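Along the sequence shown, residues carry numbers from 1. Not measured: the values here are computed from a predicted model.
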Amino acid sequence: MTKPLIIITGASSGIGAAIAKSFSAAGHPLLLLARRVEQMEALGLPNTLCRGVDVTSREQLIAAVKEAEDKFGPADALVNNAGCMLLGDLSVQDPTEWDRMIDLNVKGVLNGIHAVLPGMKARKGGSIINVSSIAGRKTFPAHAAYCGTKFAVHAISENLREEVAADNVRVMTIAPGAVQTELLSHTTSQDIIDGYEQWKKEMGGVLDPQNVADTVMFVYQQPQNVNIREVLLAATGQPA
C-alpha cells in the first residue's frame with residue numbers, strides 16, 4: 001500500500017533532515033522545503049521533491065504544496081520545523097533579529113498551516129506537527145524575543161486544535177530542549193554563544209536531532225483518533 005505524502009519545512013539540516021530520513025525510511029513520499037536545496041538533495045531520499053522555498057512566502061509555500069500533491073497525492077502530515085533562534089538581551093539586540101524570528105517562527109508556521117489545512121479539513125483527516133521548543137513553555141536568559149515566538153507556536157497550535165478537532169485533523173506540538181543543531185550559530189553575541197555552549201557541557205550533553213525525529217514519528221504513527229497534543233523532551237541532564 002502506498003504511504004501518503006509528508007511535508008517537512010526546514011529540512012536541509014538538523015532536526016528537519018533527521019525527520020525527513022525517518023519518514024522516508026517508513027516509506028513515505030516527501031516534500032522537503034528549505035532555502036538550501038543542495039543539502040536536501042544530498043540526503044538522497046527516494047520519492048522526494050526538494051524545493052528552495054522560504055516559508056515566509058505564502059505564495060511559494062502554496063505552489064510547492066500543490067506541485068507535491070499533484071505528484072504524490074494529498075498531504076497526510078505537515079511538519080512545521082523551520083525556525084531560527086537569535087538570542088540577545090532586549091536592551092541591545094538588533095530589532096531586525098526580532099523581525100526575522102517573528103517572520104520565520106510565527107508567520108512561517110501560519111503559512112504552512114494555511115497551505116495544507118483546507119485540504120485536510122475537506123478530507124476529514126491529517127496531522128499538523130509543529131516543532132516548537134521548551135522555550136515555548138518557560139523563559140531563559142537572553143531568550144525574550146525567541147521565547148515570545150515559541151510561546152506563540154504553542155498558543156496557535158492549541159487554538160488550531162480546538163478549531164479542527166471535529167474535522168478529524170490532529171495538531172501536535174513537539175517542544176525539545178537543547179539539541180545539537182546549527183540553531184545557536186546564528187546568534188550574533190559571542191558571549192551568549194559561549195555561555196550557552198558552557199551550559200550544554202555542564203548538563204553532560206544535549207539531545208540528538210534523531211531523538212526529536214523519533215518523537216515526531218511516534219506521535220504521527222498513533223491511530224488517527226489518538227492525538228498526542230504536546231510532547232516536551234530534553235536531555236536528562238538539562239535542569240531548566
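Taking the six-membered ring for Trp and thresholds of 30 and 60 degrees, H143 and F140 have ring planes inclined between 30 and 60 degrees apart.
Taking the side-chain contact (heavy atoms from CB on, under 4.5 Å) definition, one finds that E67 meets it with L49, R51, sequence neighbours left out.
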Check residues 232-240 and write down every donor-acceptor pair under 3.5 Å in which the side-chain atom is one partner and the other belongs to a residue at least two apart or another chain.
residue : atom : partner : partner atom : Å
Q238    : OE1  : A178    : N            : 3.0
Q238    : NE2  : A240    : O            : 2.9

Give the table of side-chain donor-acceptor pairs shorter than 3.5 Å for residues 14-33, with sequence neighbours excluded, one pair per line with atom names and distance.
residue : atom : partner : partner atom : Å
S22     : OG   : A18     : O            : 3.1
S22     : OG   : Q210    : NE2          : 3.0
H28     : ND1  : P4      : O            : 2.8

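Annotation: ring pair (Phe, Tyr, Trp, His ring centres under 6.0 Å) contacts involving residues 159-181, sequence neighbours excluded, are absent. Within the structure, ring pair (Phe, Tyr, Trp, His ring centres under 6.0 Å) contacts touching residues 67-110 (residues at least two apart or in different chains) do not occur.
Surrounding CZ of R123 are more than 12 heavy atoms belonging to other residues, nucleotides or ligands, all under 6.0 Å away. Shown here is R161, whose CZ atom has more than 12 heavy atoms of other residues, nucleotides or ligands within 6.0 Å.
Under the 4.0 Å criterion applied to side-chain N and carboxylate O atoms, E97 and R100 are not assigned as salt-bridge partners. Here K66 does not pair with E69 in a salt bridge; the nearest charged N to carboxylate O distance is not below 4.0 Å.
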**Q.** V231/V219 under side chain to side chain contact (heavy atoms under 4.5 Å, CB included): CA gap, chis, key distance, verdict
**A.** CA-CA 9 Å; V231 178; V219 301; 3.9 Å; yes

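In the hydrophobic clustering (ILVMFWY side chains linked at under 4.5 Å, chained through shared members), I102 stands by itself.
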